[in-house]
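All ligand and atom numbering here is 1-based and tracks the order in the structure. Fair warning: this is a prediction, and the values are worked out from it, not measured in the lab. When reading the values below, keep in mind they use all heavy atoms of this one structure, side chains included, and skip hydrogens, waters and symmetry mates.
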Amino acid sequence: WERPDAKPIRQRLLVVANRLPVSAVRRGEDSWSLEISAGGLVSALLGVKEFEARWIGWAGVNVPDEVGQKALTKALAEKRCIPVFLDEEIVHQYYNGYCNNILWPLFHYLGLPQEDRLATTRSFQSQFAAYKKANQMFADVVNEHYEEGDVVWCHDYHLMFLPKCLKDYNSKMKVGWFLHTPFPSSEIHRTLPSRSELLHAVLAADLVGFHTYDYARHFVSACTRILGLEGTPEGVEDQGRLTRVAAFPIGIDSERFIRALEVHPVQEHIKELQERFAGRKVMLGVDRLDMIKGIPQKILAFEKFLEENPYWRDKVVLLQIAVPTRTDVPEYQKLTSQVHEIVGRINGRFGTLTAVPIHHLDRSLDFHALCALYAVTDVTLVTSLRDGMNLVSYEFVACQDSKKGVLILSEFAGAAQSLGAGAILVNPWNITEVASAIGQALNMPAEEREKRHRHNFEHVTTHTAQQWAEFFVSELNDTVIEAQQRIRK
Ligand code: ADQ
(Lines give C-alpha, C1' and ligand atoms only; values in the text may rest on other atoms or scores of the structure.)
Protein backbone atom coordinates (compact mmCIF):
# COMPACT_ATOMS: atom_id res chain seq x y z
CA TRP A 1 0.00 0.00 0.00
CA GLU A 2 2.93 2.29 -0.46
CA ARG A 3 1.93 5.41 -2.30
CA PRO A 4 3.46 5.44 -5.76
CA ASP A 5 4.44 9.09 -5.28
CA ALA A 6 6.24 8.44 -1.98
CA LYS A 7 9.27 10.70 -1.54
CA PRO A 8 12.65 9.47 -0.27
CA ILE A 9 12.43 8.20 3.26
CA ARG A 10 13.41 10.57 6.07
CA GLN A 11 12.63 8.88 9.35
CA ARG A 12 11.52 5.40 10.28
CA LEU A 13 8.37 5.15 12.32
CA LEU A 14 7.49 1.97 14.18
CA VAL A 15 3.74 1.97 14.72
CA VAL A 16 2.82 -0.48 17.44
CA ALA A 17 -0.84 -1.41 17.88
CA ASN A 18 -2.61 -4.48 19.23
CA ARG A 19 -3.81 -5.45 15.74
CA LEU A 20 -1.89 -5.20 12.49
CA PRO A 21 -3.86 -3.44 9.77
CA VAL A 22 -4.27 -6.74 7.86
CA SER A 23 -6.42 -9.83 8.19
CA ALA A 24 -4.49 -13.04 7.66
CA VAL A 25 -6.11 -16.26 6.43
CA ARG A 26 -4.11 -19.49 6.29
CA ARG A 27 -4.30 -21.18 2.89
CA GLY A 28 -1.88 -24.05 3.49
CA GLU A 29 0.93 -25.15 5.78
CA ASP A 30 3.19 -22.34 4.61
CA SER A 31 0.89 -20.06 2.67
CA TRP A 32 -1.18 -17.13 3.80
CA SER A 33 -3.45 -14.64 2.13
CA LEU A 34 -3.53 -11.14 3.51
CA GLU A 35 -6.17 -8.49 3.23
CA ILE A 36 -5.47 -4.91 4.20
CA SER A 37 -8.05 -3.31 6.43
CA ALA A 38 -7.99 0.32 5.47
CA GLY A 39 -8.83 1.73 8.88
CA GLY A 40 -8.25 5.30 9.96
CA LEU A 41 -4.72 4.72 11.17
CA VAL A 42 -3.60 3.18 7.86
CA SER A 43 -5.04 6.08 5.86
CA ALA A 44 -3.50 8.55 8.29
CA LEU A 45 -0.02 7.17 7.89
CA LEU A 46 -0.28 6.57 4.16
CA GLY A 47 -0.67 10.26 3.62
CA VAL A 48 2.42 11.23 5.56
CA LYS A 49 5.50 11.40 3.44
CA GLU A 50 7.92 12.63 6.10
CA PHE A 51 8.42 9.19 7.52
CA GLU A 52 8.31 5.57 6.53
CA ALA A 53 6.00 3.49 8.68
CA ARG A 54 6.45 -0.11 9.74
CA TRP A 55 3.69 -1.84 11.67
CA ILE A 56 4.16 -4.11 14.64
CA GLY A 57 1.18 -6.00 16.07
CA TRP A 58 -0.82 -9.17 16.43
CA ALA A 59 -2.19 -10.60 13.18
CA GLY A 60 -5.40 -11.72 14.92
CA VAL A 61 -4.75 -15.45 14.38
CA ASN A 62 -3.25 -18.19 16.50
CA VAL A 63 -0.20 -19.67 14.74
CA PRO A 64 1.25 -22.35 17.04
CA ASP A 65 3.70 -23.91 14.56
CA GLU A 66 7.06 -22.58 13.46
CA VAL A 67 6.46 -23.23 9.73
CA GLY A 68 3.29 -21.17 9.84
CA GLN A 69 4.94 -18.37 11.81
CA LYS A 70 7.87 -18.15 9.38
CA ALA A 71 5.56 -18.09 6.35
CA LEU A 72 3.31 -15.44 7.88
CA THR A 73 6.28 -13.28 8.91
CA LYS A 74 7.56 -13.41 5.33
CA ALA A 75 4.18 -12.57 3.78
CA LEU A 76 3.67 -9.68 6.22
CA ALA A 77 7.14 -8.27 5.56
CA GLU A 78 6.01 -7.35 2.03
CA LYS A 79 3.36 -5.15 3.62
CA ARG A 80 5.88 -3.64 6.03
CA CYS A 81 4.18 -5.49 8.87
CA ILE A 82 5.92 -7.36 11.67
CA PRO A 83 3.88 -9.87 13.67
CA VAL A 84 3.76 -10.45 17.41
CA PHE A 85 2.65 -14.03 18.01
CA LEU A 86 0.30 -14.42 20.95
CA ASP A 87 -0.99 -17.84 22.00
CA GLU A 88 -4.65 -18.55 22.78
CA GLU A 89 -4.27 -18.38 26.54
CA ILE A 90 -2.57 -14.97 26.40
CA VAL A 91 -5.19 -13.67 23.98
CA HIS A 92 -7.91 -14.87 26.30
CA GLN A 93 -6.43 -13.28 29.43
CA TYR A 94 -4.83 -10.18 27.96
CA TYR A 95 -7.11 -9.24 25.07
CA ASN A 96 -10.55 -10.59 25.98
CA GLY A 97 -9.90 -10.25 29.69
CA TYR A 98 -7.88 -7.26 30.79
CA CYS A 99 -8.27 -5.11 27.66
CA ASN A 100 -11.87 -5.68 26.70
CA ASN A 101 -13.50 -6.71 29.94
CA ILE A 102 -11.71 -4.31 32.28
CA LEU A 103 -10.05 -1.32 30.60
CA TRP A 104 -12.55 -0.77 27.76
CA PRO A 105 -15.68 -0.53 29.98
CA LEU A 106 -13.83 1.39 32.69
CA PHE A 107 -12.48 4.02 30.29
CA HIS A 108 -16.04 4.48 28.95
CA TYR A 109 -17.47 5.02 32.45
CA LEU A 110 -19.18 1.62 32.58
CA GLY A 111 -17.25 0.58 35.69
CA LEU A 112 -15.39 -2.60 36.59
CA PRO A 113 -17.00 -6.06 36.34
CA GLN A 114 -18.86 -6.75 39.54
CA GLU A 115 -20.52 -10.20 39.32
CA ASP A 116 -18.59 -12.39 41.74
CA ARG A 117 -16.18 -10.18 43.62
CA LEU A 118 -13.82 -12.90 44.78
CA ALA A 119 -13.64 -14.63 41.42
CA THR A 120 -13.19 -11.27 39.72
CA THR A 121 -10.30 -10.37 41.99
CA ARG A 122 -8.54 -13.62 41.28
CA SER A 123 -9.07 -13.44 37.53
CA PHE A 124 -8.20 -9.76 37.62
CA GLN A 125 -4.74 -10.57 38.91
CA SER A 126 -4.05 -13.24 36.32
CA GLN A 127 -5.43 -11.01 33.56
CA PHE A 128 -3.20 -8.16 34.65
CA ALA A 129 -0.20 -10.50 34.70
CA ALA A 130 -1.10 -11.63 31.14
CA TYR A 131 -1.49 -7.99 30.09
CA LYS A 132 2.01 -7.18 31.28
CA LYS A 133 3.40 -10.32 29.68
CA ALA A 134 1.74 -9.50 26.34
CA ASN A 135 3.06 -5.92 26.46
CA GLN A 136 6.55 -7.33 27.10
CA MET A 137 6.16 -9.58 24.04
CA PHE A 138 5.35 -6.52 21.93
CA ALA A 139 8.39 -4.76 23.42
CA ASP A 140 10.64 -7.70 22.51
CA VAL A 141 9.60 -7.48 18.87
CA VAL A 142 9.98 -3.68 18.79
CA ASN A 143 13.43 -3.95 20.35
CA GLU A 144 14.48 -6.55 17.81
CA HIS A 145 13.60 -4.27 14.89
CA TYR A 146 14.53 -0.92 16.40
CA GLU A 147 17.31 1.12 14.79
CA GLU A 148 18.81 4.25 16.26
CA GLY A 149 16.81 7.33 15.30
CA ASP A 150 13.52 5.44 14.89
CA VAL A 151 10.38 6.88 16.38
CA VAL A 152 8.19 4.38 18.23
CA TRP A 153 4.50 5.23 18.36
CA CYS A 154 2.42 2.99 20.68
CA HIS A 155 -1.33 2.92 20.32
CA ASP A 156 -4.22 2.54 22.66
CA TYR A 157 -5.29 0.98 25.95
CA HIS A 158 -3.98 -2.45 24.96
CA LEU A 159 -0.41 -1.19 25.24
CA MET A 160 -0.24 1.03 28.31
CA PHE A 161 2.64 -0.98 29.67
CA LEU A 162 4.67 -0.82 26.49
CA PRO A 163 6.37 2.58 27.02
CA LYS A 164 7.91 1.30 30.27
CA CYS A 165 9.05 -2.01 28.71
CA LEU A 166 10.66 -0.10 25.82
CA LYS A 167 12.46 2.42 28.00
CA ASP A 168 13.73 -0.45 30.18
CA TYR A 169 15.36 -1.79 27.03
CA ASN A 170 16.74 1.52 25.86
CA SER A 171 16.17 4.80 27.66
CA LYS A 172 17.12 6.73 24.49
CA MET A 173 14.29 5.29 22.38
CA LYS A 174 11.84 8.00 21.27
CA VAL A 175 8.53 6.69 22.56
CA GLY A 176 5.07 8.19 22.11
CA TRP A 177 1.77 6.73 23.29
CA PHE A 178 -1.68 7.72 22.03
CA LEU A 179 -5.03 6.72 23.53
CA HIS A 180 -7.96 6.28 21.12
CA THR A 181 -10.60 5.98 23.86
CA PRO A 182 -11.52 8.58 26.45
CA PHE A 183 -9.32 8.79 29.53
CA PRO A 184 -11.88 8.91 32.34
CA SER A 185 -12.07 11.21 35.32
CA SER A 186 -9.43 10.37 37.95
CA GLU A 187 -12.28 9.29 40.26
CA ILE A 188 -13.04 6.48 37.81
CA HIS A 189 -9.43 5.57 37.15
CA ARG A 190 -8.69 5.27 40.85
CA THR A 191 -11.12 2.32 41.17
CA LEU A 192 -8.74 0.23 39.04
CA PRO A 193 -6.63 -2.10 41.25
CA SER A 194 -3.57 -1.62 39.00
CA ARG A 195 -4.13 2.15 38.73
CA SER A 196 -0.63 3.30 39.82
CA GLU A 197 1.39 0.73 37.93
CA LEU A 198 -0.41 1.58 34.70
CA LEU A 199 0.07 5.34 35.12
CA HIS A 200 3.78 4.92 35.87
CA ALA A 201 4.16 2.69 32.81
CA VAL A 202 2.54 5.26 30.51
CA LEU A 203 4.62 8.07 32.02
CA ALA A 204 7.76 6.30 30.79
CA ALA A 205 6.82 7.62 27.31
CA ASP A 206 8.26 10.94 26.11
CA LEU A 207 4.92 12.12 24.76
CA VAL A 208 1.42 11.03 25.77
CA GLY A 209 -1.49 12.03 23.51
CA PHE A 210 -5.28 12.10 23.77
CA HIS A 211 -8.12 13.12 21.45
CA THR A 212 -9.27 16.00 23.62
CA TYR A 213 -7.97 18.44 26.15
CA ASP A 214 -10.42 17.00 28.74
CA TYR A 215 -8.95 13.49 28.49
CA ALA A 216 -5.43 14.94 28.82
CA ARG A 217 -6.55 16.87 31.89
CA HIS A 218 -8.10 13.73 33.44
CA PHE A 219 -4.83 11.88 32.90
CA VAL A 220 -2.77 14.63 34.52
CA SER A 221 -5.22 14.75 37.48
CA ALA A 222 -4.92 10.97 37.89
CA CYS A 223 -1.12 11.34 38.03
CA THR A 224 -1.29 14.15 40.58
CA ARG A 225 -4.00 12.63 42.78
CA ILE A 226 -3.06 8.96 42.61
CA LEU A 227 0.71 9.19 42.23
CA GLY A 228 1.23 12.53 43.99
CA LEU A 229 3.24 13.86 41.04
CA GLU A 230 3.36 17.44 39.86
CA GLY A 231 1.14 18.42 36.92
CA THR A 232 2.49 21.31 34.84
CA PRO A 233 0.95 23.01 31.78
CA GLU A 234 3.36 20.88 29.73
CA GLY A 235 2.54 17.52 31.29
CA VAL A 236 3.62 15.54 34.34
CA GLU A 237 6.91 15.85 36.16
CA ASP A 238 8.49 13.01 38.10
CA GLN A 239 11.87 13.64 39.79
CA GLY A 240 12.90 16.25 37.27
CA ARG A 241 11.82 14.19 34.24
CA LEU A 242 8.92 15.63 32.23
CA THR A 243 6.43 13.52 30.29
CA ARG A 244 4.68 15.77 27.79
CA VAL A 245 0.89 15.36 27.80
CA ALA A 246 -1.22 16.98 25.08
CA ALA A 247 -4.34 16.75 22.93
CA PHE A 248 -4.06 15.56 19.31
CA PRO A 249 -7.58 15.26 17.90
CA ILE A 250 -7.65 12.65 15.13
CA GLY A 251 -9.30 13.28 11.75
CA ILE A 252 -10.08 11.24 8.63
CA ASP A 253 -8.64 11.06 5.14
CA SER A 254 -11.46 13.32 3.93
CA GLU A 255 -10.18 13.38 0.32
CA ARG A 256 -10.61 9.61 0.10
CA PHE A 257 -14.33 9.96 0.89
CA ILE A 258 -14.87 12.99 -1.33
CA ARG A 259 -13.15 11.31 -4.29
CA ALA A 260 -15.10 8.09 -3.77
CA LEU A 261 -18.40 9.91 -4.36
CA GLU A 262 -17.36 10.45 -7.98
CA VAL A 263 -16.64 6.84 -8.86
CA HIS A 264 -19.10 4.80 -10.87
CA PRO A 265 -20.01 2.07 -8.33
CA VAL A 266 -20.77 4.70 -5.66
CA GLN A 267 -22.90 6.72 -8.08
CA GLU A 268 -24.79 3.54 -8.94
CA HIS A 269 -25.35 2.76 -5.24
CA ILE A 270 -26.55 6.32 -4.67
CA LYS A 271 -29.09 6.02 -7.49
CA GLU A 272 -30.39 2.71 -6.14
CA LEU A 273 -30.78 4.07 -2.63
CA GLN A 274 -32.51 7.22 -3.85
CA GLU A 275 -35.02 5.12 -5.80
CA ARG A 276 -35.51 2.71 -2.92
CA PHE A 277 -36.28 5.47 -0.41
CA ALA A 278 -37.94 8.02 -2.70
CA GLY A 279 -40.43 10.19 -0.83
CA ARG A 280 -38.91 9.41 2.56
CA LYS A 281 -36.24 11.15 4.60
CA VAL A 282 -33.30 8.89 5.37
CA MET A 283 -31.81 8.75 8.86
CA LEU A 284 -28.62 6.80 9.44
CA GLY A 285 -26.71 5.12 12.25
CA VAL A 286 -23.34 3.40 11.61
CA ASP A 287 -21.67 1.83 14.61
CA ARG A 288 -19.79 -1.15 15.86
CA LEU A 289 -22.32 -3.04 17.95
CA ASP A 290 -20.89 -2.02 21.31
CA MET A 291 -22.48 -0.86 24.58
CA ILE A 292 -20.68 2.46 24.32
CA LYS A 293 -22.38 3.39 21.04
CA GLY A 294 -25.83 3.85 22.63
CA ILE A 295 -27.70 1.93 19.92
CA PRO A 296 -30.75 0.93 22.05
CA GLN A 297 -31.05 4.54 23.28
CA LYS A 298 -30.95 5.79 19.67
CA ILE A 299 -33.68 3.41 18.51
CA LEU A 300 -35.88 4.18 21.51
CA ALA A 301 -35.54 7.90 20.75
CA PHE A 302 -36.62 7.22 17.17
CA GLU A 303 -39.63 5.31 18.51
CA LYS A 304 -40.56 8.23 20.72
CA PHE A 305 -40.29 10.56 17.75
CA LEU A 306 -42.65 8.37 15.68
CA GLU A 307 -45.02 8.08 18.62
CA GLU A 308 -45.27 11.85 19.02
CA ASN A 309 -45.21 12.73 15.32
CA PRO A 310 -47.74 10.59 13.39
CA TYR A 311 -47.22 12.85 10.34
CA TRP A 312 -43.68 11.50 9.91
CA ARG A 313 -44.49 7.79 10.29
CA ASP A 314 -44.50 6.96 6.59
CA LYS A 315 -42.10 9.71 5.60
CA VAL A 316 -38.90 8.74 7.39
CA VAL A 317 -36.76 5.63 7.63
CA LEU A 318 -33.90 4.82 10.00
CA LEU A 319 -31.10 2.69 8.57
CA GLN A 320 -29.03 1.29 11.41
CA ILE A 321 -25.87 -0.51 10.28
CA ALA A 322 -24.19 -2.24 13.20
CA VAL A 323 -21.05 -4.32 12.70
CA PRO A 324 -20.98 -7.12 15.25
CA THR A 325 -17.83 -7.15 17.39
CA ARG A 326 -16.65 -9.43 20.22
CA THR A 327 -19.45 -11.84 19.32
CA ASP A 328 -18.20 -14.49 21.76
CA VAL A 329 -18.76 -12.21 24.78
CA PRO A 330 -22.14 -12.82 26.54
CA GLU A 331 -22.74 -9.10 27.20
CA TYR A 332 -22.39 -8.35 23.50
CA GLN A 333 -24.72 -11.22 22.60
CA LYS A 334 -27.24 -9.76 25.04
CA LEU A 335 -26.91 -6.35 23.41
CA THR A 336 -27.55 -7.85 19.96
CA SER A 337 -30.74 -9.58 21.15
CA GLN A 338 -31.87 -6.44 22.93
CA VAL A 339 -31.45 -4.34 19.78
CA HIS A 340 -33.25 -6.96 17.64
CA GLU A 341 -36.09 -7.09 20.12
CA ILE A 342 -36.57 -3.30 20.15
CA VAL A 343 -36.35 -3.03 16.36
CA GLY A 344 -38.88 -5.86 15.94
CA ARG A 345 -41.29 -4.23 18.36
CA ILE A 346 -41.07 -0.81 16.68
CA ASN A 347 -41.42 -2.24 13.16
CA GLY A 348 -44.43 -4.24 14.34
CA ARG A 349 -45.91 -1.12 15.88
CA PHE A 350 -45.34 1.42 13.10
CA GLY A 351 -44.69 -0.71 9.98
CA THR A 352 -47.16 -1.25 7.15
CA LEU A 353 -47.52 -4.08 4.66
CA THR A 354 -45.16 -2.28 2.31
CA ALA A 355 -42.71 -0.43 4.55
CA VAL A 356 -40.98 -0.60 7.92
CA PRO A 357 -39.56 2.41 9.80
CA ILE A 358 -36.26 0.74 10.80
CA HIS A 359 -33.87 -1.26 8.64
CA HIS A 360 -31.33 -2.85 10.93
CA LEU A 361 -28.30 -4.64 9.47
CA ASP A 362 -25.93 -6.66 11.61
CA ARG A 363 -22.98 -6.37 9.31
CA SER A 364 -20.17 -4.36 7.93
CA LEU A 365 -20.55 -2.45 4.65
CA ASP A 366 -17.83 -2.09 2.07
CA PHE A 367 -16.32 1.34 1.56
CA HIS A 368 -18.30 2.22 -1.57
CA ALA A 369 -21.65 1.19 -0.06
CA LEU A 370 -20.83 3.17 3.08
CA CYS A 371 -19.97 6.33 1.10
CA ALA A 372 -23.20 6.05 -0.91
CA LEU A 373 -25.23 5.69 2.29
CA TYR A 374 -23.55 8.71 3.85
CA ALA A 375 -24.28 10.71 0.69
CA VAL A 376 -28.04 9.98 0.52
CA THR A 377 -28.66 10.47 4.24
CA ASP A 378 -30.65 13.43 5.55
CA VAL A 379 -29.86 13.01 9.25
CA THR A 380 -27.12 10.96 10.92
CA LEU A 381 -27.51 9.95 14.55
CA VAL A 382 -24.40 9.40 16.67
CA THR A 383 -25.58 8.68 20.21
CA SER A 384 -22.46 7.23 21.84
CA LEU A 385 -22.69 7.08 25.63
CA ARG A 386 -18.93 7.74 25.56
CA ASP A 387 -16.62 7.74 22.55
CA GLY A 388 -12.97 8.75 22.24
CA MET A 389 -13.65 10.74 19.08
CA ASN A 390 -16.13 9.00 16.70
CA LEU A 391 -15.07 8.99 13.09
CA VAL A 392 -18.50 8.12 11.67
CA SER A 393 -19.54 11.72 12.32
CA TYR A 394 -16.52 12.96 10.33
CA GLU A 395 -17.12 10.54 7.46
CA PHE A 396 -20.77 11.58 7.18
CA VAL A 397 -19.83 15.27 7.00
CA ALA A 398 -17.20 14.57 4.32
CA CYS A 399 -19.82 12.92 2.09
CA GLN A 400 -22.51 15.59 2.49
CA ASP A 401 -21.28 18.49 0.44
CA SER A 402 -24.18 18.33 -1.96
CA LYS A 403 -26.95 17.31 0.42
CA LYS A 404 -25.99 19.25 3.56
CA GLY A 405 -27.65 16.86 5.96
CA VAL A 406 -27.82 17.27 9.69
CA LEU A 407 -25.64 15.57 12.29
CA ILE A 408 -27.15 14.75 15.69
CA LEU A 409 -24.17 14.14 17.93
CA SER A 410 -23.72 12.93 21.48
CA GLU A 411 -22.07 15.46 23.74
CA PHE A 412 -20.11 12.50 25.18
CA ALA A 413 -18.22 11.82 21.94
CA GLY A 414 -14.85 13.55 21.55
CA ALA A 415 -16.15 14.80 18.18
CA ALA A 416 -18.62 17.05 20.04
CA GLN A 417 -15.68 19.35 20.76
CA SER A 418 -14.80 19.77 17.10
CA LEU A 419 -18.17 19.39 15.32
CA GLY A 420 -20.35 20.77 18.11
CA ALA A 421 -20.98 24.11 16.43
CA GLY A 422 -22.41 22.48 13.30
CA ALA A 423 -24.17 19.51 14.87
CA ILE A 424 -27.20 19.30 17.13
CA LEU A 425 -25.66 18.17 20.41
CA VAL A 426 -27.65 15.81 22.63
CA ASN A 427 -27.41 13.89 25.87
CA PRO A 428 -27.99 10.35 24.54
CA TRP A 429 -29.37 9.20 27.90
CA ASN A 430 -32.24 11.66 27.48
CA ILE A 431 -34.56 9.91 25.02
CA THR A 432 -37.00 12.84 24.97
CA GLU A 433 -34.23 15.27 24.07
CA VAL A 434 -32.94 13.03 21.26
CA ALA A 435 -36.50 12.58 19.92
CA SER A 436 -36.97 16.32 19.77
CA ALA A 437 -33.54 16.74 18.10
CA ILE A 438 -34.78 14.35 15.39
CA GLY A 439 -37.78 16.64 14.82
CA GLN A 440 -35.53 19.70 14.74
CA ALA A 441 -33.18 18.05 12.23
CA LEU A 442 -35.94 16.85 9.89
CA ASN A 443 -37.60 20.27 9.88
CA MET A 444 -34.44 22.36 9.67
CA PRO A 445 -34.57 25.11 7.01
CA ALA A 446 -32.09 24.72 4.14
CA GLU A 447 -30.26 27.92 5.07
CA GLU A 448 -29.48 26.70 8.58
CA ARG A 449 -28.44 23.27 7.32
CA GLU A 450 -26.07 24.92 4.88
CA LYS A 451 -24.52 27.07 7.59
CA ARG A 452 -24.04 24.19 10.01
CA HIS A 453 -22.67 21.92 7.31
CA ARG A 454 -20.17 24.58 6.15
CA HIS A 455 -18.73 24.79 9.62
CA ASN A 456 -18.27 21.05 9.98
CA PHE A 457 -17.10 20.44 6.41
CA GLU A 458 -14.44 23.09 6.85
CA HIS A 459 -13.25 21.37 10.01
CA VAL A 460 -13.27 17.82 8.63
CA THR A 461 -11.36 18.77 5.48
CA THR A 462 -8.73 20.83 7.28
CA HIS A 463 -8.10 18.62 10.35
CA THR A 464 -7.21 15.39 8.62
CA ALA A 465 -5.76 12.10 9.76
CA GLN A 466 -2.51 12.93 7.94
CA GLN A 467 -2.12 16.18 9.86
CA TRP A 468 -2.87 14.39 13.10
CA ALA A 469 -0.09 11.86 12.50
CA GLU A 470 2.38 14.52 11.34
CA PHE A 471 1.60 16.68 14.34
CA PHE A 472 2.04 13.84 16.83
CA VAL A 473 5.33 12.64 15.39
CA SER A 474 6.82 16.11 15.04
CA GLU A 475 5.83 16.93 18.64
CA LEU A 476 7.47 13.71 19.74
CA ASN A 477 10.70 14.62 17.93
CA ASP A 478 10.64 18.13 19.43
CA THR A 479 9.87 16.82 22.92
CA VAL A 480 12.91 14.56 22.86
CA ILE A 481 15.18 17.36 21.58
CA GLU A 482 13.92 19.73 24.30
CA ALA A 483 14.47 17.08 26.98
CA GLN A 484 18.05 16.56 25.79
CA GLN A 485 18.67 20.31 25.88
CA ARG A 486 17.29 20.50 29.42
CA ILE A 487 19.62 17.71 30.55
CA ARG A 488 22.64 19.46 28.95
CA LYS A 489 21.82 22.67 30.82
P1 ADQ B 1 -14.28 2.90 17.00
O2 ADQ B 1 -14.91 2.65 18.32
O3 ADQ B 1 -14.19 1.75 16.10
O4 ADQ B 1 -12.82 3.55 17.14
P5 ADQ B 1 -15.19 5.14 15.20
O6 ADQ B 1 -14.28 6.26 15.45
O7 ADQ B 1 -16.60 5.57 14.95
O8 ADQ B 1 -15.23 4.09 16.37
O9 ADQ B 1 -14.67 4.36 13.94
C10 ADQ B 1 -15.39 3.30 13.40
C11 ADQ B 1 -14.91 3.02 11.98
O12 ADQ B 1 -15.49 1.79 11.56
C13 ADQ B 1 -15.34 4.10 11.00
O14 ADQ B 1 -14.30 4.32 10.09
C15 ADQ B 1 -16.56 3.48 10.31
O16 ADQ B 1 -16.70 3.86 8.96
C17 ADQ B 1 -16.29 2.00 10.41
N18 ADQ B 1 -17.57 1.29 10.57
C19 ADQ B 1 -18.37 1.30 11.64
N20 ADQ B 1 -19.47 0.57 11.40
C21 ADQ B 1 -19.35 0.10 10.15
C22 ADQ B 1 -20.16 -0.73 9.31
N23 ADQ B 1 -21.33 -1.24 9.70
N24 ADQ B 1 -19.72 -1.01 8.08
C25 ADQ B 1 -18.54 -0.52 7.67
N26 ADQ B 1 -17.75 0.27 8.39
C27 ADQ B 1 -18.14 0.56 9.61
C28 ADQ B 1 -11.95 3.92 18.24
C29 ADQ B 1 -12.59 4.82 19.31
C30 ADQ B 1 -13.19 6.06 18.65
C31 ADQ B 1 -12.10 6.80 17.87
C32 ADQ B 1 -11.37 5.85 16.93
C33 ADQ B 1 -10.15 6.52 16.28
O34 ADQ B 1 -13.58 4.11 20.04
O35 ADQ B 1 -13.75 6.92 19.62
O36 ADQ B 1 -12.69 7.83 17.09
O37 ADQ B 1 -10.90 4.70 17.62
O38 ADQ B 1 -9.28 7.02 17.23
Side-chain angles (χ1 to χ4, degrees), residues 15 17-19 21 23 37-45 99-100 103-110 153-159 177-184 209-212 214-215 247-254 256-257 260 269 284-295 298 319-327 332 336 339 359-375 377 380-399 407 409-419 460 463-465 468-469 472:
V15 180
N18 174 60
R19 277 297 302 268
S23 319
S37 33
L41 203 54
V42 177
S43 316
L45 296 169
C99 292
N100 289 339
L103 291 181
W104 175 265
L106 187 78
F107 283 8
H108 292 91
Y109 292 75
L110 297 173
W153 190 3
C154 315
H155 287 267
D156 232 356
Y157 61 99
H158 313 88
L159 300 176
W177 179 78
F178 183 84
L179 183 66
H180 290 262
T181 68
F183 191 88
F210 300 91
H211 281 310
T212 71
D214 284 343
Y215 306 157
F248 299 88
I250 202 171
I252 59 165
D253 182 355
S254 50
R256 178 166 172 253
F257 285 85
H269 271 307
L284 178 68
V286 177
D287 308 89
R288 276 186 311 97
L289 203 115
D290 193 295
M291 317 354 153
I292 68 151
K293 302 291 181 181
I295 299 171
K298 167 168 23 188
L319 313 180
Q320 175 61 48
I321 321 292
V323 208
T325 43
R326 304 172 197 166
T327 42
Y332 284 72
T336 310
V339 169
H359 291 248
H360 175 87
L361 296 188
D362 275 338
R363 64 180 176 88
S364 167
L365 289 182
D366 68 43
F367 180 62
H368 284 162
L370 190 64
C371 291
L373 254 187
Y374 283 140
T377 292
T380 280
L381 272 167
V382 173
T383 54
S384 311
L385 306 178
R386 293 278 165 182
D387 215 335
M389 179 57 88
N390 188 280
L391 295 181
V392 167
S393 52
Y394 276 58
E395 294 167 2
F396 166 66
V397 169
C399 293
L407 174 65
L409 178 60
S410 164
E411 58 188 72
F412 301 116
Q417 302 198 7
S418 41
L419 305 182
V460 166
H463 296 73
T464 61
W468 165 76
F472 187 93

TODO: Measure the acute angle between the ring planes of His211 and Tyr215, then classify it against the limits of 30° and 60° as parallel, tilted or perpendicular.
DONE: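 His211 vs Tyr215 ring planes: perpendicular.
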TODO: For the residue pair His180 and Phe178, categorise the inter-ring angle as parallel (less than 30°), tilted (30 to 60°) or perpendicular (more than 60°).
DONE: perpendicular
Contact atoms of ligand 1, heavy-atom distance to [X] under 4.0 Å:
X      : value
Val392 : 7 (O), 15 (C)
Ile321 : 23 (N)
Leu365 : 22 (C), 24 (N), 25 (C)
Gly388 : 35 (O)
Arg288 : 1 (P), 2 (O), 3 (O)
Glu395 : 13 (C), 14 (O), 15 (C), 16 (O)
Leu370 : 16 (O), 26 (N)
Arg363 : 23 (N)

Task: Distance-only polar pair, side chains of Tyr394 and Ser418, donor-acceptor under 3.5 Å - done: yes
Task: Residues Tyr157 and Asn100: side-chain donor-acceptor under 3.5 angstrom - done: yes
- [ ] Applying ring-ring contact (aromatic ring centres under 6.0 Å, His included), name anything that partners Phe367, two or more places apart in sequence or on another chain.
- [x]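 Result, ring-ring contact (aromatic ring centres under 6.0 Å, His included) vs Phe367: Phe257.
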Task: 4.0 Å heavy-atom contact, Trp104 with ligand 1 - done: yes
Task: Residue-ligand contact Thr181/ligand 1, heavy atom below 4.0 Å - done: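 No; Thr181 lies far enough from ligand 1 that no heavy-atom distance drops under 4.0 Å.
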TODO: State the CE-CD1 distance between Met389 and Ile252, to the nearest 0.5 angstrom.
DONE: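 Between atom CE of Met389 and atom CD1 of Ile252 there are 11.5 Å.
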TODO: Answer with side chain, backbone, both or neither: which part of Ile250 has a heavy atom less than 4.0 angstrom from an atom of ligand 1?
DONE: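 The part of Ile250 near ligand 1 is the side chain, not the backbone.
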Open item on the list: Heavy-atom distances under 4.0 Å decide this one: backbone, side chain, both or neither, for Arg386 against ligand 1?
Closed with: neither
TODO: Measure from the ring center of Phe183 to the ring center of Phe107 and say whether it is less than 6.0 Å.
DONE: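 Yes, the ring of Phe183 comes within the 6.0 Å limit of the ring of Phe107, centre to centre.
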Task: Closest candidate by heavy atom, reference atom 35 (O) of ligand 1, pool Asp387, Asp366, Leu179 - done: Asp387
- [ ] Sequence neighbours left out, what passes side chain to side chain contact (heavy atoms under 4.5 Å, CB included) with Asp362? Give chain and number order.
- [x]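 Applying side chain to side chain contact (heavy atoms under 4.5 Å, CB included) to Asp362 gives Leu289, Pro324, Thr336, His340, His360.
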TODO: Please say whether Asn390 places an N or O atom under 3.5 Å from an N or O atom belonging to ligand 1.
DONE: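 Asn390 vs ligand 1: N/O contact under 3.5 Å present.
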TODO: Say whether Val286, considering both its backbone and side-chain N or O atoms, lies within less than 3.5 Å of an N or O atom on ligand 1.
DONE: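 Such a contact does not occur with ligand 1.
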Open item on the list: Would the distance check show the side chain of Thr212 and the main-chain N or O of Gly414 forming a donor-acceptor pair, the cut-off being under 3.5 Å?
Closed with: no
Task: Donor-acceptor pair, side chain of Lys298 and main chain of Gly285, under 3.5 angstrom - done: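 Checked: no pair found.
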